[in-house]
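What you are looking at is a predicted structure, and each value in this text was computed from that prediction instead of being measured. Here is how names work: the chains are called A, B, and so on, in the same order as the sequence lines, proteins then strands, and each is numbered from 1.
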Protein chains: 2
Amino acid sequence: MHQKRVTLADVAKAAGVSRTTASLVLSDRGDELRISEPVQHRVRQVAAELAYRPNAASQVLRTGLSRTFGFISDTVATSQLAGDMIKGALEGARRHDHMLFIGESEGSEDEQARLIQAMVDRQVDGIVIASMFTRERPVPRGVGRPLVFLNTVPAEDHAQVPVVIPDEIGAGRAAARALLDAGHREIHLIGAGPALGDVPPLTIAGQERLEGILRELDGAGLEPASGRRCSIWLPEDGWQATTALLQSGVTGGAILCFNDRLALGAYQAIQEAGFRVPQDFSVVSFDDHQLASWLRPGLTTVALPHYELGRRAVEALLAPAQADTRFERVPMPLRARGSIAAP
Amino acid sequence: MHQKRVTLADVAKAAGVSRTTASLVLSDRGDELRISEPVQHRVRQVAAELAYRPNAASQVLRTGLSRTFGFISDTVATSQLAGDMIKGALEGARRHDHMLFIGESEGSEDEQARLIQAMVDRQVDGIVIASMFTRERPVPRGVGRPLVFLNTVPAEDHAQVPVVIPDEIGAGRAAARALLDAGHREIHLIGAGPALGDVPPLTIAGQERLEGILRELDGAGLEPASGRRCSIWLPEDGWQATTALLQSGVTGGAILCFNDRLALGAYQAIQEAGFRVPQDFSVVSFDDHQLASWLRPGLTTVALPHYELGRRAVEALLAPAQADTRFERVPMPLRARGSIAAP
DNA sequence: CCGTCGAGCTAAACCGAGTTAGCAACGACT
DNA sequence: AGTCGTTGCTAACTCGGTTTAGCTCGACGG
């Protein structure tokens with residue numbers, strides 16, 4: 001099946017030069033080592049004619065560089081979250097002419113260690129450790145290659161790992177600001193709150209979104225009108241929390257959901273109770289799940305920049321690790337659609 | 001940055017044997033070549049103590065096998081479609097102790113050729129060419145490695161490529177059957193139909209789903225009550241088609257959507273018109289998008305087995321290509337939820 | 001006429017494994 | 001004593017590149 005490839009020796013022979021010369025020319029060191037123009041030209045021509053492609057394994061063995069990165073995430077499947085992140089990572093790799101190994105640890109440290117091992121065995125030039133949900137993770141030791149944490153914060157503070165995470169606090173502020181700007185004063189939280197600390201366990205995102213929201217409201221001299229914490233952030237939970245809110249006698253105002261899936265549940269509860277978005281309730285949320293553009297009216301949401309996150313994480317592998325790039329916060333842009341109106 | 005790895009030579013030296021002996025022992029050919037038990041034990045022990053790991057680049061160079069597959073898709077980002085497919089591919093690779101390169105061609109033949117080239121340079125043991133939407137594609141020539149088409153049909157009939165695709169005809173039958181079994185006789189199609197050939201261009205899936213539906217209805221002596229072809233299958237299109245259907249005076253029956261996003265639009269149109277699912281309209285669809293379980297009521301849909309597709313495609317790379325495995329149709333299971341009731 | 005210098009190229013070592021051919025030591029058998 | 005066979009191991013080559021050190025040749029200066 002594996003037909004014979006054209007090797008450097010074949011090129012050298014056909015061009016009537018030594019392997020050394022061929023190698024120098026093809027790696028653009030010909031001028032540096034004084035190979036004459038005619039010879040360079042001939043080597044290049046022959047290489048092109050024979051469709052020569054260097055054997056990467058051989059280059060890796062000699063140079064220790066594989067032009068390959070690794071990308072390990074805890075989950076790959078969860079919606080387009082991962083898809084866009086991987087897409088960004090691929091773009092980052094492509095820009096530097098690298099390939100990308102993908103691995104999925106399913107949250108298991110053992111599996112992650114196995115993947116790191118397999119990638120290091122293959123001499124990857126760096127590994128991104130990604131999480132689909134912002135959280136703390138121990139830093140793998142002794143990898144011996146550049147490492148970047150994506151959407152993940154190192155558990156030990158002494159650990160020297162560059163980190164790329166979304167600016168969730170800024171996102172919280174942006175979501176609150178969007179409602180304030182529309183004139184809302186009565187803002188109900190779905191998913192967490194109303195007080196700082198009322199967040200589901202282990203989610204840094206929830207914590208920081210809430211912090212941003214409270215800060216922005218505080219700047220306007222406000223507090224949330226109410227807040228309902230949900231242990232999981234699925235549509236069903238949003239539906240329940242919103243239904244409870246409506247049953248408490250609220251007939252209008254603004255609803256700030258902690259993610260788009262909760263917002264879907266909120267839409268459903270609002271519609272089933274006979275209210276309308278945005279006439280009765282303005283809704284804003286986080287993530288910019290595909291769903292957000294499919295709802296009627298379109299859901300205004302603060303986007304998780306998955307693509308950017310993936311791309312920057314990979315590119316951070318190559319960047320010289322300076323102090324100021326150790327902790328990169330990627331802004332989360334507001335996607336304004338039709339779910340916010342004046343009260 | 002790259003600290004020195006332990007090599008086979010280090011192990012051999014520490015164990016007081018030759019590199020040959022160490023190599024034989026560690027590749028389990030010790031018995032075959034009569035290395036004594038004590039020596040084998042010592043070598044293994046030393047290897048473990050030094051945490052020896054073979055350099056994959058070196059093995060690749062020597063053996064030509066990389067324990068690595070390539071997975072090239074036209075799009076990675078589109079929802080969890082790709083995510084689950086990649087997840088399945090990862091599982092397939094993991095089972096055979098392989099790693100997985102991911103690449104995205106964005107539909108460009110040039111980019112795909114570049115990716116194939118880069119993967120072949122790295123001596124991958126096989127490449128899966130995947131499409132997120134079933135369609136015809138030319139077969140890349142001269143790859144020299146095992147190739148499998150996933151969700152993709154070779155454009156040239158003479159091309160010898162194993163193909164893994166979902167059983168869309170069976171899916172069409174299953175969707176129609178689900179409605180017939182509930183007692184429905186009046187079945188409206190959203191997305192394609194009512195006659196064979198009324199499908200959006202370039203989608204094999206649409207064609208085959210329709211074929212399956214028509215066959216199953218025909219078996220019950222029926223034809224679709226109506227059919228509306230949509231050029232794209234987004235929620236907006238489903239909403240428009242369903243709104244048109246309702247405005248034509250239909251007040252109940254069954255709606256068969258060609259995918260879940262169309263079904264979301266149908267749900268929205270039905271609810272906005274004051275009807276209810278499933279009391280007034282039963283809805284069934286295809287794909288089993290995450291969305292399907294989030295709708296109220298849950299959407300009954302025929303699942304695209306993305307995970308299975310990904311896994312089987314990768315495993316097909318290793319399977320000896322027999323005639324009967326050349327064209328693998330993966331069944332699409334019905335996911336019954338709450339959107340179907342008796343008329 | 002010899003020494004020096006630079007231009008232009010190459011032999012050979014090297015990366016870290018896998019693999020082939022064969023050697024040394026020892027006992028058994030003729 | 002010589003031959004043979006077996007056991008137990010290793011020297012040396014190979015994969016396909018990169019890199020170092022150095023060779024050859026002609027021009028030029030003294």
| Which residues share a ring-ring contact (aromatic ring centres under 6.0 Å, His included) with Tyr52(B), sequence neighbours left out |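 Listed in chain order: nothing, the list is empty.
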| field | Those residues that, when tested against Phe71(A), pass ring-ring contact (aromatic ring centres under 6.0 Å, His included) (two or more places apart) | value |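 Per chain and number, Phe71(A) pairs via ring-ring contact (aromatic ring centres under 6.0 Å, His included) with no residue.
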| said: By nearest atom, which of the nucleotides dC9(D), dT18(D), dG18(C) is closest to the Ile35(B) side chain? | reply: dC9(D)
For atom [atom1] of [X] and atom [atom2] of [N], their distance in whole Å:
| X | N | atom1 | atom2 | result |
| --- | --- | --- | --- | --- |
| Asp31(B) | dT7(D) | CG | P | 12 Å |
| Arg122(A) | dA17(C) | CZ | C1' | 15 Å |
| Gln123(B) | dG17(D) | CD | C1' | 12 Å |
| Lys13(B) | dT10(D) | NZ | P | 15 Å |

| Is there a donor-acceptor contact under 3.5 Å linking the side chains of Arg122(B) and Thr68(A)? |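 Looking only at side-chain atoms, Thr68(A) and Arg122(B) do form a donor-acceptor pair, the distance falling under 3.5 Å.
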| request: Can you run down the salt bridge (charged side-chain N to carboxylate O under 4.0 Å, His left out) pairs that involve residues 93-103 of chain B, sequence neighbours left out, and say none if there aren't any? | output: Arg114(A)-Asp97(B), Arg67(B)-Asp97(B), Glu91(B)-Arg94(B), Glu91(B)-Arg95(B), Arg95(B)-Glu315(B)
Please name all residues satisfying side-chain contact (heavy atoms from CB on, under 4.5 Å) with [X], sequence neighbours left out, ordered by chain then number.
| X | result |
| --- | --- |
| Glu49(A) | Gln45(A) |
| Thr152(B) | Ser131(B), Arg137(B), Phe149(B) |
| Val153(B) | Glu136(B), Ile204(B) |
| Ala9(B) | Thr7(B), Arg19(B) |

| side chain to side chain contact (heavy atoms under 4.5 Å, CB included), paired with Ile116(A), selected from Val143(A), Asp121(A), Val124(A) | Val143(A)
What contact category does [X] fall into here, base, sugar-phosphate, or nothing, at under 4.0 angstrom with non-hydrogen atoms?
| X | answer |
| --- | --- |
| Val17(B) | sugar-phosphate |
| Ser36(A) | sugar-phosphate |
| Val39(A) | sugar-phosphate |

| message | List the residues meeting side chain to side chain donor-acceptor pair (under 3.5 Å) with Asn55(B), not counting sequence neighbours, and say none if there are none. | response |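 For Asn55(B), no residue satisfies side chain to side chain donor-acceptor pair (under 3.5 Å) once neighbours in sequence are set aside.
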| Can you list the residues that meet the side chain to side chain donor-acceptor pair (under 3.5 Å) rule with Ser18(B), with sequence neighbours excluded? |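 Applying side chain to side chain donor-acceptor pair (under 3.5 Å) to Ser18(B) gives Thr21(B).
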| query | If you fit an axis to the five pairs at each end of the helix from dC1(C)-dG30(D) to dT30(C)-dA1(D), how big is the angle between those two axes, to 10 degrees? | reply |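 Overall, the helix from dC1(C)-dG30(D) to dT30(C)-dA1(D) bends by 90° from one end axis to the other.
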Show me the protein contacts with nucleotides 20-28 of chain D, counting only N or O atoms at under 3.5 Å.
none

Can you name the atoms? Protein N/O to nucleotides 14-16 of chain C N/O, anything below 3.5 Å, with the distance.
from: dC14(C); atom 1: O2; to: Arg62(A); atom 2: NH1; distance (Å): 3.0
from: dG16(C); atom 1: N2; to: Ser58(B); atom 2: OG; distance (Å): 3.4
from: dG16(C); atom 1: N3; to: Ser58(B); atom 2: OG; distance (Å): 2.6

